[in-house]
Amino acid sequence: MNVQTITKEQAWEVRHIVMWPHKDFSYVQLKEDPSGMHYGLFEKGELKSVVSLFITGDEAQFRKFATFKEEQGKGYGSHLLKEVLFKLKNLGIRRVWCNARENKVSFYQAFKMKETTRVFTKSSTRYVVMELFF
């Protein structure tokens, strides 16, 4: 497994296929993407999982974390997140956070992320803001 930077366009392609295949392609594009850092996990040269990072001061948010459905459960997303958290810690980031789908909270807890009291619903999906302090 190899984690490396990718283009926002590569991230968009995976986001679209995995997260919102029935929406217009522009739906997966964030206005912050040009200033974000985008990472992908590759196995045997094939992109399997992506995540985008947005850093403000000593805090970072990761968004649009997606692994191809047929590749889920193989450890690709876990490996990608572990590598990204390591990179952020080495950059001196103090706090990392994300909006986790409620049904994925336990996945993030495995990385020592903690639930906050901030919960919201968007498009009938409940999210919990989770964070990790280094």
- prompt: Going through the distances and angles, do H79 and V3 end up as a side-chain contact (heavy atoms from CB on, under 4.5 Å)?
  reply: CA-CA 8 Å; H79 188 81; V3 173; 3.9 Å; yes
Heavy atoms, side chains only, cut-off 4.5 Å: are [X] and [Y] in contact?
X: V105; Y: M130; value: yes
X: L80; Y: Y76; value: no
X: V119; Y: Y127; value: no
X: L81; Y: F62; value: yes

Do other residues, nucleotides or ligands put more than 12 heavy atoms under 6.0 Å from the [atom1] atom of [X]?
X: F86; atom1: CZ; value: no
X: E13; atom1: CD; value: no
X: K104; atom1: NZ; value: no
X: R101; atom1: CZ; value: no

- prompt: Is a salt bridge present between R63 and E32, judged by a nitrogen-to-oxygen distance below 4.0 Å?
  reply: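 So R63 pairs with E32 through a salt bridge.
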Show the nearest heavy-atom pair for residues [X] and [Y], with the distance to one decimal.
X: F120; Y: V129; value: CE2-CG2, 4.2 Å
X: R126; Y: T121; value: CG-OG1, 3.4 Å
X: M1; Y: G75; value: SD-O, 4.3 Å

Nearest-0.5 Å distance, [atom1] of residue [X] to [atom2] of residue [Y]:
X: Q72; Y: S78; atom1: CD; atom2: OG; answer: 11.0 Å
X: L85; Y: K112; atom1: CG; atom2: NZ; answer: 11.0 Å
X: Y27; Y: M19; atom1: OH; atom2: CE; answer: 10.0 Å
X: I17; Y: K69; atom1: CD1; atom2: NZ; answer: 11.0 Å
X: K64; Y: Q29; atom1: NZ; atom2: CD; answer: 12.0 Å
X: K114; Y: Q109; atom1: NZ; atom2: CD; answer: 8.0 Å

- request: Mind telling me whether F65 and F107 have parallel, tilted or perpendicular rings, with 30° and 60° as the class edges?
  value: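 The rings of F107 and F65 sit tilted, inter-plane angle from 30° to 60°.
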- request: Fit a plane to each ring of W12 and F25, take the angle between them on a 0 to 90° scale, and name the class: parallel (under 30°), tilted (30 to 60°) or perpendicular (over 60°).
  value: perpendicular
Show the atom names and distances, to 0.1 Å, of all donor-acceptor pairs under 3.5 Å that link a side chain in residues 44-60 to residues at least two apart or in another chain.
from : atom 1 : to  : atom 2 : distance (Å)
E46  : OE1    : K48 : NZ     : 3.4
K48  : NZ     : E71 : OE2    : 3.0
S49  : OG     : A66 : O      : 3.3
S49  : OG     : T67 : OG1    : 2.7
S52  : OG     : R15 : NH2    : 2.7
S52  : OG     : H38 : ND1    : 2.7
D58  : OD2    : R94 : NE     : 3.2
E59  : OE1    : R95 : NH1    : 3.1
E59  : OE2    : R94 : NH2    : 2.9

Under 4.5 Å between side-chain heavy atoms, counting indirect links through other Ile/Leu/Val/Met/Phe/Trp/Tyr residues: same cluster for [X] and [Y] or not?
X: F111; Y: W97; value: no
X: V14; Y: W20; value: yes
X: Y108; Y: F133; value: no

- prompt: Is the backbone N or O of K87 less than 3.5 Å from a side-chain atom of N90, with the two atoms forming a donor-acceptor pair by type?
  reply: no
task: Verify side-chain contact (heavy atoms from CB on, under 4.5 Å) between F42 and I6, making sure each step is shown before the conclusion.
output: CA-CA 10 Å; F42 292 81; I6 60 172; 3.7 Å; yes
